[in-house]
There are 2 protein chains.
Amino acid sequence: MKQDIPLTERQKVILQAIINTYITTAEAVGSRTIAKKMAFRLSPASIRNVMSDLEEMGYICQPHTSAGRIPTDTGYRVYVDNLMEIRRVELEEQHHIEELYRSRVKQLEDLFELSSRLLSILTHYTAVVQTPRMETETIKHVELVPLSSGKTLVLLVTNIGGIRKQVAILPEAMTTSEIDQLATFLNKKLQALSFASARALMGSFDDSADPQDKRLAALGLSLLSELLAENGERYVYLEGRENIFDQPEFRNLDRLRPLLRVFDEKRLLNELLEYCIPEDMPINVCIRIGSENPLDDARECSIVVSPYRIGGRATGAIGVIGPTRMQYSRASSLVAFVAGQLGHVLTELSGGD
Amino acid sequence: MKQDIPLTERQKVILQAIINTYITTAEAVGSRTIAKKMAFRLSPASIRNVMSDLEEMGYICQPHTSAGRIPTDTGYRVYVDNLMEIRRVELEEQHHIEELYRSRVKQLEDLFELSSRLLSILTHYTAVVQTPRMETETIKHVELVPLSSGKTLVLLVTNIGGIRKQVAILPEAMTTSEIDQLATFLNKKLQALSFASARALMGSFDDSADPQDKRLAALGLSLLSELLAENGERYVYLEGRENIFDQPEFRNLDRLRPLLRVFDEKRLLNELLEYCIPEDMPINVCIRIGSENPLDDARECSIVVSPYRIGGRATGAIGVIGPTRMQYSRASSLVAFVAGQLGHVLTELSGGD
DNA sequence: TTTGGCACTCTACACAATGGAGTGCTAAAC
DNA sequence: GTTTAGCACTCCATTGTGTAGAGTGCCAAA
């Protein structure tokens, strides 16, 4: 491996041609194929020499002696970083997407579903959308709906229109008007607070002068504490599972199965996304190729993922998962664009408070 | 085919043995195997004669000349209807399940998720749960949460703790207190009504004497109409997808794919469940075997499904999907039991109004 | 009516033979 | 020095052949 040596122009062009070809055909590409496709004429023999260099550098490899070459993960890496053409989403496509965002969103969940479905349809890969980090939501409204026998449905509406709910058991018998009073109290105190601040505030009433406040805060905390807790796991929307069946590399059941396992386990997906977009990410699109990603079960595939932002603050991730032989250029431009749209709508939702 | 002729005792015993064996081994079973397993001694040759009869009747068939026999869909049918031993769920298992239902349910969604996960774990098949028919829910509470710029989040809580919501645009500018007034009006009028009655009632205000009522009703209708509409599609919970990978008949990608397609398309699942449990079903457990079910993509598998009841009224379906070579006995007893539990908890939730 | 025996059929598996694609190397051409 | 034609070589994929094994159907004897 002599990866430190910079590529010559010729090597670049040929590596690019190999990867472009492989991406569309899914078959190991030989020197003859490249020779025919290239702009400046070179014989297959000359191409072979270059290919041999590229192999030594670790960018391509042969499945077996008498086969053509296929890109390695590091090969894709230089392709993604230096060689691929950056494309923009077609204007017409842009308008089409924007139109959908305008018309199709009736509730928060629609937004995530639309985003993931859209991305899976446009890219033909499997799309994932992670719901926003809890810290970026603030409390908009608290509602207590009395149910039977001392139980209450506790509803929490957040600034973006998200809902948390749970059935809680009242710690003491309460009349309807007392419950109303509690709800009013909670709404007044918690309005526009983050979950963490709300928790802290409620706790602070413990040594309050006003015994009424103290009592209400204690009641409120017992009803809300679980909803306000960091429960870690965020929901992940996943669309376009079926697309992997169209990828020849996943015709094989043994390769397919681990990937489907990842799709089924939200926990793994979350881990994967968290790894790509760790905290407040400054970058736009993150690409993890094959072995670069942390899940053993996803070593055969790549993920292209972007943070989306609410009011400038990265709060969640959206992206696509496909074979390492992915149309990185198209995928990343689409992911970036849809992430932008999603963030835009979410910001609008949360903004006009 | 001479399916009308009743089976002799010997034919029954042998058919039962064949199916029981095939269910556990997944391999075509030959006369020798049966001869060894049977209680009363018969030579393979005699068994072959009976098998020949059973084949002529259409209950078993040979994959090829020199193979043993496997049950046909009609074979499974007589097995399910007449031959299989009806088993009860072990008492210990029952207690375990009941315990889970007591402890794990914080909100309505948990209930469906628990039921489907439980069933998939217990049976090792894929489990589905359809949410209740809209007609069985009544309105418990309406909440209007003002969002930015003339938008409102409309929340509808039902008697079982279900939630419908949408972001609606106010048809006219309203102050916060006007919105509160509207919410109070809606809660007073719609309390405990079904969706259909609510729709009808709101419409009836059109020729009301009181102009204030008329105005509020019109506003309310514009905000609620979409939520109250029959939107047809019910949500379907699905758990244990990965279990089909353990079934040898689905090792083959061509058999696997259509089934996964069904799993991914809630519409198809709904159709399947609707077909098995049409309307207010008197029966307990419905079993559809292979070609008996209406979906082409599910011709290779069986479904065991039961309605669950809220207050005695069947309102949704719960069941498992697996290969036609299914452990029908165990599956149906478990489905029935879990359906009972689910209905029980739902009834409790809705009951104490 | 039951059963042992036997010929027959078909699959699954292993093994060899063949064709084709693609390479690496070398020596000649530019 | 770089490029290219030629050639031997390697390996896969496909096809065909042979064999062992499982199971059947049928017949004649018990």
Side-chain angles (χ1 to χ4, degrees), chain A residues 2 5 7-15 17-19 21-22 24-72 75 248-249 251-252 255, chain B residues 2 7-15 17-19 21-22 24-72 75 248-249 251-252:
Chain A
K2 317 177 187 171
I5 300 169
L7 290 171
T8 67
E9 198 52 39
R10 171 173 295 178
Q11 288 171 332
K12 280 187 191 176
V13 173
I14 288 179
L15 180 56
I18 292 172
I19 297 186
T21 311
Y22 184 67
T24 57
T25 64
E27 272 168 17
V29 357
S31 51
R32 265 178 63 90
T33 319
I34 296 298
K36 275 187 227 157
K37 282 208 177 173
M38 296 258 298
F40 54 90
R41 289 242 150 272
L42 270 182
S43 75
S46 307
I47 306 245
R48 280 204 286 278
N49 289 328
V50 180
M51 283 170 123
S52 185
D53 297 343
L54 289 171
E55 180 160 19
E56 205 178 346
M57 288 186 259
Y59 297 140
I60 53 178
C61 67
Q62 287 179 285
H64 54 85
T65 340
S66 72
R69 303 307 213 288
I70 63 176
T72 61
E249 38 269 87
R251 286 284 151 73
N252 180 331
R255 285 171 193 272
Chain B
K2 316 177 183 168
L7 289 172
T8 67
E9 199 53 39
R10 171 172 294 180
Q11 289 172 332
K12 279 188 192 176
V13 173
I14 289 180
L15 180 56
I18 293 173
I19 297 187
T21 310
Y22 184 68
T24 57
T25 64
E27 270 168 19
V29 358
S31 51
R32 265 179 62 89
T33 318
I34 296 298
K36 274 187 230 157
K37 283 208 177 177
M38 295 259 297
F40 53 89
R41 289 243 152 272
L42 268 182
S43 76
S46 307
I47 306 247
R48 281 205 284 280
N49 289 328
V50 179
M51 282 169 124
S52 186
D53 297 344
L54 289 170
E55 180 161 20
E56 205 179 347
M57 290 186 255
Y59 297 141
I60 53 178
C61 67
Q62 288 178 284
H64 55 84
T65 339
S66 71
R69 305 305 215 288
I70 63 178
T72 61
E249 38 269 87
R251 286 284 152 74
N252 180 332

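Lettering follows sequence order; numbering is per chain, from 1.
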Could you state the atom-to-atom distance from CD1 of B/I70 to P of C/dT11 in whole Å?
14 Å

In short, B/Q62 meets B/A67 closest at the heavy-atom pair NE2-O, 3.1 Å

B/Q11 atom CD is separated from C/dT1 atom P, nearest whole Å, by 13 Å

Tell me whether A/R255 is salt-bridged to A/E249, with the criterion being a basic N under 4.0 Å from an acidic carboxylate O.
no

Rounded to whole Å, the CG-P distance (B/N49 to C/dT2) equals 9 Å

Send over the distance from B/R10 CZ to C/dT1 C1', rounded to a whole Å.
9 Å

For A/I14 and C/dT23, what is the distance between atoms CD1 and P respectively, to the nearest whole Å?
12 Å

Here the pair of heavy atoms bringing A/I19 nearest to A/G75 is CD1-O, 3.6 Å

Taking heavy atoms of chain A and a 4.0 Å limit, find me the 5'-most and 3'-most nucleotide of DNA chain D within that range.
D/dT3 to D/dC12

Which atom of A/R69 lies closest to which atom of A/I60, heavy atoms considered
CG-CD1, 3.7 Å

Which heavy atom of A/R10 sits nearest a heavy atom of A/V50, and at what distance?
CD-CG2, 3.7 Å

How do B/G68 and B/A45 order along DNA chain D: which one's closest nucleotide is nearer the 5' end?
B/G68

So if I take every side-chain heavy atom of B/S43 and compare against C/dT23, C/dT9, C/dG4, which nucleotide ends up nearest?
C/dG4

Pairwise 5' ranking along DNA chain C for B/H64 and B/L42, keeping only the more 5' one
B/L42

In whole angstrom, what separates B/R48's CZ from C/dT1's P?
18 Å

Under 4.0 Å, counting only non-hydrogen atoms across every strand here, what does A/T65 touch: a base, just sugar-phosphate, or nothing?
sugar-phosphate

Nearest heavy-atom neighbours spanning B/S43 and B/A35:
C-CB, 4.4 Å

Over all heavy atoms of both residues, which pair between B/G68 and B/P63 is shortest? Give the atoms and the distance, please.
O-CD, 3.3 Å

Can you tell me the distance, in whole Å, between the CZ atom of B/R32 and the C1' atom of C/dG4?
13 Å

Counting only side-chain nitrogens and oxygens, does A/S66 get under 4.0 Å of the OP1 or OP2 atom of C/dG20?
no

Between C/dC30 (C1') and A/R41 (CZ): distance, integer Å
18 Å

